[in-house]
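What follows is one structure encoded as structure tokens, with my remarks underneath.
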Number of protein chains: 2
Amino acid sequence: MAKAPSAAENGSAEKNAAAKWAVRYSNMQELLFFAYRDFTAGPDAILSDYGFGRAHHRVLHFVHRWPGLTVADLLEILGITKQSLARVLKQLIDAGHIEQKTNVRDRRQRELYLTKEGESLAAALSAPQWRLIEEALQAAGTEHYDAIVAFLRRMIDEDGRLAIGALEEHRRRPEGD
Amino acid sequence: MAKAPSAAENGSAEKNAAAKWAVRYSNMQELLFFAYRDFTAGPDAILSDYGFGRAHHRVLHFVHRWPGLTVADLLEILGITKQSLARVLKQLIDAGHIEQKTNVRDRRQRELYLTKEGESLAAALSAPQWRLIEEALQAAGTEHYDAIVAFLRRMIDEDGRLAIGALEEHRRRPEGD
DNA sequence: ATGATATGTCAGCATGACTGACCAGTTCGG
DNA sequence: CCGAACTGGTCAGTCATGCTGACATATCAT
């Protein structure tokens, strides 16, 4: 089914190599499932105290990372519909965690910023995840950081990588004021 | 907030190192989010043709990996309630992808097995994920496989690692017949 | 016989996706 | 200047997948 990286193309040695990689790939599938689940468990617990969910965390995270983000930007990053976003965004604004400012150049656009409360909530949510990442990097060996990033990055599809790239570019060229 | 691995404890050099790791951790958060989302996109597309969802995929995956698994085992692995599992499990059984056999030693227990159709669906679902993992490993350098596994494994909480360990032990000691 | 265990099921709830439709304000091109 | 296109907000309804609580049935263990 899946061909092993650098598998020898000779008879039963090839078969063994293929089987070895099949097991590794299955392991990887499971590891990703469990790791992602436990990675989100920490913030989820905090969020439930606020009546928020994972979706709120994502919005807080990306607004924190790219202050002044527009609603359209956020929709593209998250890959959800505006109706889905509107629900959580409205709750975050009502709760005073996010502020909207009208873009002076194009008054249709709303730039999103975290309030002080929003910043501190975002920080609190990130804390358990940072701790996990730090521990995991230690376990893996910090010298493998680049390889791990390369691995995860390559798992993101073309569009996603482009979306991230576009944002980084947008950030370099503030253009707002 | 988070202390950088092996950060020097001396003044502004320390500050720079901390800032560097803060950015890396934020990147990691995003990479995990995007990677997991795109990782599941492939199977999700296939599943929707069958009227199934991600939950069905998980069940198929784990029954494939540990044939003869009991319902209680599955509940522990997935960390969901039996009512939630029952819904998807029933659909998979009705659709002829999973078979139940009564354990001869303890007739209360139901051992779960994939049918031929179940096996082939499970294989089809895994194919896009294996392809992604293979590409990602190539991009990261296959020599970093162990480090990546160590990283992901460390992100799983104690209970999860124990549950995986328990299953591996269960597999070594078939005990059923 | 009795209590514990493994499984199944009913009924209802919440979250966070989705679709489709529509409105208001703003910008831009001809 | 006007109409088309764009940005954002909203209403109404659906679906998948988690949850709780209650209860039934078969089986096992003491």
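Order of the sequence lines sets the chain letters (A, B, ...), proteins ahead of strands, with each chain counted from 1. Quick caveat, the model's predicted, so the values are computed rather than measured.
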Under the side chain to side chain contact (heavy atoms under 4.5 Å, CB included) test, residues paired with [X] that sit two or more places apart:
| X | result |
| --- | --- |
| B:Ala95 | B:Phe52, B:His97 |
| A:Ala136 | B:Phe151, B:Arg154, B:Met155 |
| A:Lys101 | A:Glu99, A:Tyr113 |
| A:Ser120 | none |

Per-nt protein contacts along nucleotides 18-25 of chain C (heavy atom under 4.0 Å; B base, S backbone sugar-phosphate only, - none) come out as BBBB---B
Any donor-acceptor pair under 3.5 Å from B:Glu111 side chain to B:Pro67 backbone
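Judged by distance alone, no pair lies under 3.5 Å.
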Output every pair passing salt bridge (Lys or Arg N to Asp or Glu O under 4.0 Å) with a member in [range], not counting sequence neighbours, ordered by first then second residue.
| range | result |
| --- | --- |
| residues 112-123 of chain B | none |
| residues 137-146 of chain A | none |
| residues 52-63 of chain A | A:Asp44-A:Arg54 |

Euclidean distance, atom [atom1] of residue [X] to atom [atom2] of [N] [Å, nearest integer]:
| X | N | atom1 | atom2 | value |
| --- | --- | --- | --- | --- |
| B:Leu112 | C:dA6 | CG | P | 14 Å |
| B:Arg105 | C:dT5 | CZ | C1' | 18 Å |
| A:Leu92 | C:dG16 | CG | C1' | 14 Å |
| A:Leu85 | C:dA17 | CG | P | 9 Å |
| B:Gln109 | C:dA4 | CD | P | 19 Å |
| A:Arg58 | C:dG16 | CZ | P | 9 Å |
| A:Asn103 | C:dT27 | CG | C1' | 12 Å |

For A:Trp66 and A:Phe62, take the angle between the two ring planes, folded into 0 to 90°, and tell me which bin it lands in: parallel under 30, tilted 30 to 60, perpendicular over 60.
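Answer is parallel, since the angle falls under 30°.
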Relative to the 5' end of DNA chain C, which residue comes earlier, A:Val88 or B:Leu75, by the nucleotide with the nearest heavy atom?
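Closest to the 5' end, via its nearest nucleotide, is B:Leu75.
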In terms of the nearest nucleotide of DNA chain C, which residue is placed more toward the 5' end: B:Ala86 or A:His56?
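Nearest-nucleotide comparison on DNA chain C picks B:Ala86.
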What is the first contacted nucleotide of DNA chain D and what is the last, in 5' to 3' order, if contact means an atom lying under 4.0 angstrom from a heavy atom of chain A?
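Here the contact window of chain A covers D:dC6 to D:dC11.
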Heavy atoms under 4.0 Å, any strand shown: does B:Gln100 hit a base, just sugar-phosphate, or nothing?
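The residue B:Gln100 makes sugar-phosphate contact but no base contact.
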Which residues satisfy the salt bridge (charged side-chain N to carboxylate O under 4.0 Å, His left out) test with B:Asp94, sequence neighbours excluded?
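Scan of B:Asp94 (salt bridge (charged side-chain N to carboxylate O under 4.0 Å, His left out), adjacent residues dropped) gives B:Lys90.
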Just jot down the ring pair (Phe, Tyr, Trp, His ring centres under 6.0 Å) partners of A:His144, sequence neighbours excluded, or say none.
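Partners of A:His144 by the ring pair (Phe, Tyr, Trp, His ring centres under 6.0 Å) criterion, ordered by chain and then number, come out as B:His144.
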Sub-4.0 Å heavy-atom contacts from residues 44-51 of chain B onto DNA chain D, ordered by number
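Contacting residues: none.
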